[in-house]
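Counting starts at 1 for both ligands and their atoms, in listed order.
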Amino acid sequence: MTQQQTALVTGAAGFIGFHVAKRLLDDGYRVIGLDSMNDYYDVTLKERRAQILIEDPTFTMVHGKLEQPRLLLELFCRHQPTVVVHLAAQAGVRFSIEQPRSYVEANLIGMFELLEAARAHPPTHMLMASTSSIYGANTKMPYAETDKVDTQMSFYAATKKANEAMAHSYAHLYGLPMTMFRFFTVYGPWGRPDMALFKFVSAIQEGRAIDVYNHGNMRRDFTYIDDLVEGVRRLIDTPPLGPDHRTDPIPGDSLSPVAPWRTVNIGNANPTALGDFIAAIEGAMGQEAQKTYMDMQPGDVPATWADTSLLTHLIGTLPQTDLKTGITAFVRWYKASYNRAP
Ligand SMILES: NC(=O)c1ccc[n+]([C@@H]2O[C@H](COP(=O)([O-])OP(=O)(O)OC[C@H]3O[C@@H](n4cnc5c(N)ncnc54)[C@H](O)[C@@H]3O)[C@@H](O)[C@H]2O)c1
């Protein structure tokens with residue numbers, strides 16, 4: 001970068017936001033992080049992530065909710081971010097059945113406020129988190145960005161589908177370049193306590209049984225956090241072009257015919273059976289898990305699998321950390337963080 005650019009990272013105290021903000025700081029960006037620090041999971045973990053970011057003098061932490069009227073507008077006005085990476089959201093499939101209203105507030109109203117702020121102070125590129133859950137009941141594997149996505153199974157996924165459409169309309173109306181990320185089960189150090197890896201490791205560590213959904217008949221395209229951050233970083237430099245500036249079409253591109261908007265899978269293209277995932281955790285911990293076999297949970301899907309050919313076409317081949325290495329890194333971080341003897 002010739003001149004220092006400003007990036008706004010929403011959800012900077014969250015799992016992915018923390019890693020993305022850190023990478024952007026390392027790359028010389030000035031970073032504004034926004035986070036509500038809500039108590040969906042352990043707030044101390046969010047504070048610890050934020051504390052690391054704050055040590056960098058070019059990082060500014062702002063506490064607040066996306067949906068708070070004028071907050072984003074004022075942030076955009078003051079800092080004029082050139083890049084926006086929008087990762088704040090109410091995440092989680094299961095919680096969206098218990099508390100759907102929090103998804104309306106954070107994911108729908110919050111997204112609206114973000115788009116309005118961007119309309120007033122246009123960044124050069126906005127990148128926003130969608131999810132593999134958007135593929136819902138689709139059975140064609142691997143999931144490609146140009147597949148129809150009309151059968152969301154959870155309200156969480158429905159709000160993310162709405163986010164893709166909301167972003168598209170603003171990209172079209174106001175010429176704002178926007179990239180949506182469809183993330184596939186992200187894991188790694190500093191990960192979320194509501195996700196399987198964290199839950200399994202803490203249960204094994206504390207001698208509790210782990211809940212194995214759908215009797216273990218599940219597959220997930222696990223994506224290691226460093227690989228994902230590399231993908232996000234490269235996509236920041238790959239904004240979609242509007243209809244007037246197109247070059248040769250890319251096969252399987254989700255690029256809109258009428259707007260500088262595209263949605264991209266970021267996954268590992270290598271689905272792992274839940275049993276193999278658990279075995280890898282047991283191997284890393286040197287301990288066997290006690291297992292409680294359960295039915296499929298409402299809102300969940302039995303398998304995810306990313307077609308990453310569009311991603312590769314756009315930014316080249318990403319590193320693919322193998323599961324054993326990734327899980328070992330997580331277990332090491334977990335034990336160091338929660339002060340447990342190895
Ligand atoms: N982790 C995954 O495997 C995964 C997979 C698919 C999609 N995603 C999406 O990626 C994004 C980041 O996920 P994550 O795993 O880092 O989740 P996370 O919950 O760790 O991070 C989200 C952060 O946003 C903050 N936040 C929530 N609501 C807010 C609001 N209204 N205003 C301001 N801040 C708010 C939270 O406090 C949290 O720190 C989310 O949009 C999520 O839906 C994640």
Side-chain angles (χ1 to χ4, degrees), residues 8-22 32-50 53 61-69 71-72 75 84-96 99 101-114 117 127-135 143 152 154-164 167 180-198 220-225 227-229 231-232 263-268 301 304 306 326 330:
L8 170 66
V9 178
T10 72
F15 169 40
I16 302 174
F18 161 68
H19 286 279
V20 168
K22 211 160 165 298
I32 316 299
L34 172 71
D35 205 294
S36 64
M37 312 296 282
N38 71 22
D39 62 1
Y40 169 59
Y41 63 76
D42 181 18
V43 178
T44 331
L45 175 57
K46 297 184 182 183
E47 287 167 350
R48 284 171 51 219
R49 297 183 187 124
L53 297 174
M61 186 76 204
V62 179
H63 290 217
K65 287 185 178 180
L66 297 163
E67 62 272 29
Q68 192 179 310
L71 174 76
L72 281 161
L75 263 187
V84 174
V85 188
H86 176 44
L87 300 164
Q90 182 54 59
V93 165
R94 289 175 198 117
F95 191 63
S96 73
Q99 295 280 346
R101 190 173 298 278
S102 59
Y103 292 72
V104 172
E105 288 163 357
N107 302 5
L108 301 181
I109 303 175
M111 176 74 157
F112 168 69
E113 295 292 349
L114 183 80
L127 305 98
M128 290 167 274
S130 182
T131 172
S132 60
S133 305
I134 205 166
Y135 290 104
Y143 295 148
Q152 285 70 44
S154 65
F155 190 63
Y156 164 63
T159 62
K160 290 291 184 176
K161 167 134 189 215
N163 284 171
E164 292 201 0
M180 310 298 304
F181 310 120
R182 292 182 180 169
F183 294 145
F184 284 69
T185 319
V186 191
Y187 76 101
W190 299 95
R192 265 168 45 197
D194 62 320
M195 292 185 68
L197 179 56
F198 197 115
R220 285 289 178 273
D221 198 346
F222 292 101
T223 314
Y224 189 62
I225 184 69
D227 306 339
L228 178 120
V229 169
V232 168
T263 189
V264 187
N265 289 340
I266 306 190
N268 201 26
V301 296
T304 64
F330 176 85

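The cationic group of R182 lies under 6.0 Å from the six-membered ring centre of Y135 and within 45° of the ring axis, placing it in a cation-pi geometry. For the pair K46 and F18, the cation does not sit on the ring face, since its NZ or CZ is not both under 6.0 Å from the ring centre and inside 45° of the axis.
Using bins of under 30°, 30° to 60° and over 60° for the plane-to-plane angle, the ring pair Y156/Y103 lands in the perpendicular bin. Using the six-membered ring where Trp is involved, F184 and Y143 have ring planes that are tilted, between 30° and 60° apart. Using bins of under 30°, 30° to 60° and over 60° for the plane-to-plane angle, the ring pair H19/F15 lands in the perpendicular bin.
The two residues M61 and A13 have their closest heavy-atom pair at CE-CB, 4.2 Å.
Residues with a heavy atom under 4.0 Å from ligand 1: G11, A13, G14, F15, I16, D35, S36, M37, N38, Y41, K46, G64, K65, L66, E67, L87, A88, A89, A91, A106, A129, S130, T131, Y156, K160, F183, T185, V186, R192, M195.
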